[in-house]
Amino acid sequence: MAHPARDVRGRDTECSRPETVLDGWDRIIVSGVFAPGSASAQKGHSLAQREAVRSGFEAALNEAARYLGATSPNPAVGCCLLDHEGNILVTEAHHRTGTRHAEALALHRARETGVIDRVATALVTLEPCNHVGRTPPCSEALRDSPVQDVWVGMSDPNPVAGGGIARLRQMPEGRNVFLLEDFPAFADVHDGCAALLAPFATRIVRQCPWITVKQARDNKGSMIPPAGRKTFTSQASLEIAHRLRRASDAIITGIGTILSDSPRFDVRHVPDHEDRTPRLVVVCDRQNRLPDSWREKMIGSGFRVLVSRDLGEIPSLLADHGVNWAMVEAGPGLLGEIRRLGLWDDWLDIQTTPDGPDRHRVYSHGPTPLRFILDEGARPLPADKAAF
Ligand SMILES: NC(=O)C1=CN([C@@H]2O[C@H](COP(=O)(O)OP(=O)(O)OC[C@H]3O[C@@H](n4cnc5c(N)ncnc54)[C@H](OP(=O)(O)O)[C@@H]3O)[C@@H](O)[C@H]2O)C=CC1
Ligand SMILES: Nc1c(N[C@@H]2O[C@H](COP(=O)(O)O)[C@@H](O)[C@H]2O)[nH]c(=O)[nH]c1=O
């Protein structure tokens, strides 16, 4: 099949951000250096403070990314609490809808572990909420804590939950709210927060999920596995594909894939969240060819199965089901249609090479949550969470 980059360029005209091509996964870890005289320095932050903010956000992002796919329809959010010297005291994340938000959980842990009086700074990847939902407003939790400085990674695109920054700005003199977007030296950290939020933000703003296509090709460019097999990529690539399954809320596939492979679509090569919501599979099938046996097997394994005769309706259908991030695992037939309609946000192209490791390319229209999927191999799970 032809190279997907052509479509990316085609859609660039509609995009405010330039095309991002990430080649391999070693270059997309959050990192960077501070320019001397940066906005942060002008606003009176020392180098040590800026480094503390950077490493705190990195910790918060990595922790939150582990819950992508578990929090929906809520966003994945991380929070890191620092002491007066900039040391990390607590890093926490939102785990799933209905449970404590990241800030509230981090403050709770700080109280539980007796470090609350040492907390000076809170770094939050998303604007703290300001409404009473299933949990109390995080803006109040921060206001009623010893936190002096709050750093906010992204403002909340959800009109219901916004207003937290304004509320925090009413904190008494001497307590500050900083937005990453005001600090050019933190542009890459801000991009990290945008990438983490992209699935949720897309659903809220566009009423459709973030859609990632995962395409595996052999060394001749074909997507078709050898006879008798379903996959041909390396173990490392399968792990990436299964991390993507774990992080996404739904799989879009085509009837051709079901009939050829009878895919399981479960998460096998990486640890899964025990308590994640049942996965949703949408099968594009216009002629009712879906075998009952496959559907029943999937439902028996805890999946919900929807059938669609109209690919174009799928994004809004998924958004109605609270899906933030959908991945496509389909053959060349459906991928051709998806490309033609421009129904994708990023595209992971895995190509096997004759000798040596597979080659991974990501095509994206902006900060892509795939960075967290590709990056995870470098981050072993903490011992206490390894068995989640
Ligand atoms: N390497 C990889 O990453 C992957 C490879 N594969 C391989 O791909 C092969 C199967 O490929 P293929 O047959 O193309 O299968 P697909 O999964 O791409 O399904 C294609 C079918 O989707 C339906 N469809 C197409 N467009 C639309 C639309 N606009 N709306 C609704 N339905 C639509 C059509 O069926 P109908 O006309 O009946 O509705 C079409 O025949 C297998 O060998 C499998 O192993 C599969 C997944 C991933
Ligand atoms: N061929 C191919 C992939 N193909 C996808 O994996 C599905 C099989 O999933 P499961 O039944 O859960 O093992 C298959 O139907 C197709 O969607 N994936 C990859 O990472 N690499 C590969 O080489």
Side-chain angles (χ1 to χ4, degrees), residues 4 7-8 10-20 22 28 61 64-65 67-78 93-94 96-97 102 125-127 129 152-162 180-181 190-214 243-252 276-277 279-282 306 308 311-330 335 338-339 341-348 362-374:
D7 284 11
V8 177
R11 276 181 43 166
D12 263 355
T13 46
E14 299 161 25
C15 280
S16 56
R17 304 190 72 95
E19 172 189 351
T20 316
L22 306 171
I28 57 170
L61 285 169
Y67 294 90
L68 279 163
T71 60
S72 298
N74 276 3
V77 182
H94 181 46
R96 62 178 189 278
T97 295
T125 60
L126 175 67
E127 174 178 5
C129 71
V152 177
M154 288 283 293
S155 47
D156 194 335
N158 187 354
V160 177
L180 277 190
E181 65 193 40
H190 182 251
D191 271 6
C193 295
L196 179 71
L197 196 69
F200 173 79
T202 306
R203 181 174 65 76
I204 294 296
V205 174
R206 298 201 328 231
Q207 284 82 51
C208 66
W210 182 272
I211 298 178
T212 295
V213 174
K214 187 228 72 192
R243 274 186 230 145
L244 181 54
R245 285 184 183 178
R246 185 183 59 186
S248 54
D249 308 312
I251 294 179
I252 302 169
R276 59 175 306 139
T277 49
R279 182 178 292 281
L280 185 63
V281 179
V282 187
L306 305 178
S308 174
L311 183 56
E313 74 167 17
I314 290 179
S316 60
L317 180 76
L318 291 180
D320 289 347
H321 279 80
V323 169
N324 290 339
W325 192 354
M327 74 179 287
V328 181
E329 291 206 77
L335 291 203
I338 284 174
R339 274 182 44 219
L341 297 172
L343 272 184
W344 59 281
D345 295 288
D346 53 15
W347 193 296
L348 172 60
V362 174
Y363 302 88
S364 174
H365 296 104
T368 162
L370 277 174
R371 63 193 287 154
F372 300 106
I373 303 303
L374 299 175

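For clarity, every value in this text was computed on a predicted model and none was experimentally measured.
- Between R206 atom CZ and D345 atom CG the span is 4.5 Å, to the nearest 0.5 Å.
- In this structure, T97 contributes its side chain and T71 its backbone to a donor-acceptor pair below 3.5 Å.
- Residue I338 holds its CD1 atom at 7.0 Å from CD1 of I211, rounded to the nearest 0.5 Å.
- Note: T212 OG1 to I373 CD1 = 8.0 Å, rounded to the nearest 0.5 Å.
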Margin query: Apply side chain to side chain contact (heavy atoms under 4.5 Å, CB included) to residues L68 and L196 and explain how you reach the verdict.
Written below: CA-CA 8 Å; L68 279 163; L196 179 71; 4.2 Å; yes
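- One distance of note links CG of L370 with NZ of K214; it measures 12.0 Å at 0.5 Å rounding.
- Here CG of D346 is found 5.0 Å from CH2 of W210. Values are rounded to the nearest 0.5 Å.
- Here the side chains of P157 and L197 are in contact, with some heavy-atom distance below 4.5 Å.
- Looking only at side-chain heavy atoms (C-beta outward), F372 and L61 come within less than 4.5 Å of each other.
- How far CG of L126 is from CZ of F200: 7.0 Å, rounded to the nearest 0.5 Å.
- Not one N or O on the side chain of R203 forms a donor-acceptor pair closer than 3.5 Å with the backbone of A319.
- The nearest pair of heavy atoms linking V77 to A64 is C-CB, 3.4 Å.
- H190 has its side chain out of reach of P367: every pair of non-hydrogen atoms, C-beta onward, lies at least 4.5 Å apart.
- Counting heavy atoms from C-beta on, the side chains of W344 and I252 never come closer than 4.5 Å.
- Here the closest heavy-atom approach between residue R96 and residue A70 is recorded as CB-O, 3.3 Å.
- Side chain to side chain, W325 and S72 fail the donor-acceptor criterion of an N or O pair below 3.5 Å.
- Looking at every heavy atom in both residues, M154 comes nearest to C193 through CG-CB, 3.6 Å.
- Scanning all heavy atoms of the two residues, the minimum distance from S155 to E181 falls at OG-OE1, 4.3 Å.
- For D249 (side chain) and N324 (main-chain N/O), a donor-acceptor pair under 3.5 Å exists by modelled atom type.
- Taking the side chain as every heavy atom from C-beta outward, P209 and P315 approach each other to under 4.5 Å.
- For S316, the side chain to side chain contact (heavy atoms under 4.5 Å, CB included) criterion is met by no residue, not counting sequence neighbours.
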